[in-house]
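The figures here come from the full heavy-atom set of this structure, side chains too, leaving out hydrogens, waters and symmetry mates.
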Amino acid sequence: MWDRLLTDCHALTMVAAPGNPLGLIRNAAIGIHEGRIVRVGRRTELAGTRASEVVPLGGAFVTPGLIDCHTHLVFGGTRATEHAQRRAGASYEEIARAGGGIASTVRATAAASTTELLEQSRTRLHALMRGGVTTVEIKSGYGLDPASELRLLNIIRTLSRSERVRVVPTLLALHALPQGADRDTYVERMVGDLLPTVARLGLATSVDAFCETIAFTPAETERLFDAAASHGLPVRLHAEQLSNQSGAALAARYQALSADHLEHLDAAGAAAMARAGTVAVLLPGAFYTLQEERRPPVDLLREHQVPIAIATDCNPGTSPLLNPQLAMNMACTLFGLTPEEAISGMTINAARALGMADEIGTLEPGKAADLCAWRIADPAELGYWMGLMPERRLVGGMDA
């Protein structure tokens, strides 16, 4: 006997088929047992199935739980003053070089107590959960020294253990160079001291860096990625956001899970990502906040059949975004994605970007029973409304 049988619904399985990119099954039923999906099919196919609880969903569309695969959720303070500076014409680089940007958040984070950081981050996490997120990646990166980064990763671990959401921790080891720091010494400290400690303690499941003119060079990024490989940790990369540093191709050489931002991606980088299976994570919140004019080359990604994921990039400076539906809407209106691509971008392709496609991202037997029921008339509404909440959010098959 199964634990639960969801009926009277339409299932967006995200298992694509010819003419059916979202794998839609109308008049569906979904069987759940011990936190796993055991059967998805037409309601008539599951008629007579025995379950401890039958849950009619009133004609709702059911999707896999949304996956926010790129966030910087744990930080102190805000950067609202930078919003005003940008309105006055200051660029991201100008703000950063004047001591603002990431450096200002590092100071605010250091000044906050662990309890304050935990509760501020929990509030932001709850906002994502209300929007239908059942899995969220959270990066460190606002510590800029080994002890502070370990503190942030331990806060992320506490969130994971205390909330009904799957948290995927990432060590953002090379985010920004502290003012006055020697580059080689700093990189060696983060690569040679911090990364082995994080690996030994199991505090992160992947390693990230910001490869950019105002951050870290390709050579410095390679040092980090070589070390990550030696510790068995997959990598991802902030790449080609403000300029083309050939970061996407670099990431692909290391079989990176994802390359993120990509406004300045070129054909060589897209081809390298395609060969490596590296997912393109697009972050429309940052594009919007920074008032960028150069869009990620979506047509190039389509041409090379690079999977496209979407994330909020929630952070205090360039993407104070806590609404997954708005991220999908922005991806459609700003980047030209189709509604189907947007939904895939926060389900199956986001799962691929986390290396978790065997566990989440589709409605298939054996997958985690993390899903959302939406009171909508058409799947396109998921990328249309700016603030639609799921009627029901299930984690492990139970109401959350």
Report task. State the CG-CG distance between Leu73 and Leu159, to the nearest 0.5 angstrom. Result -> 7.5 Å
Electrostatic pair [X]:[Y] at N-O distance under 4.0 angstrom:
X: Asp184; Y: Arg223; value: yes
X: Arg302; Y: Asp299; value: yes
X: Glu364; Y: Arg39; value: no
X: Arg295; Y: Glu263; value: no
X: Arg164; Y: Asp370; value: no

Using only heavy-atom distances, determine whether the side chains of [X] and [Y] contain a donor-acceptor pair under 3.5 Å.
X: Ser206; Y: Thr170; answer: yes
X: Asp378; Y: Tyr384; answer: no
X: Arg79; Y: Thr105; answer: yes
X: Trp2; Y: Thr49; answer: no
X: Ser140; Y: Arg151; answer: no
X: Glu220; Y: Thr217; answer: yes
X: Glu137; Y: Thr71; answer: no
X: Lys367; Y: Thr362; answer: yes
X: His264; Y: Gln245; answer: no

Do the ring planes of [X] and [Y] sit parallel (below 30°), tilted (30 to 60°) or perpendicular (above 60°)?
X: His238; Y: His261; value: tilted
X: Phe225; Y: Tyr254; value: perpendicular
X: Tyr142; Y: His72; value: tilted

Query raised in the report: Could you go step by step and tell me if Asp260 and Arg236 meet the salt bridge (charged side-chain N to carboxylate O under 4.0 Å, His left out) rule?
Result: CA-CA 8 Å; Asp260 304 29; Arg236 50 176 38 91; 5.0 Å; no
Evaluate whether atom [atom1] of [X] has more than 12 neighbouring non-hydrogen atoms of other residues, nucleotides or ligands under 6.0 angstrom away.
X: Met389; atom1: CE; result: yes
X: Tyr288; atom1: OH; result: no
X: Asp182; atom1: CG; result: yes

Query raised in the report: Between Asp208 and Lys139, is a salt bridge (charged side-chain N to carboxylate O under 4.0 Å, His left out) present by the stated rule, with each step listed?
Result: CA-CA 8 Å; Asp208 199 346; Lys139 304 177 191 296; 2.7 Å; yes
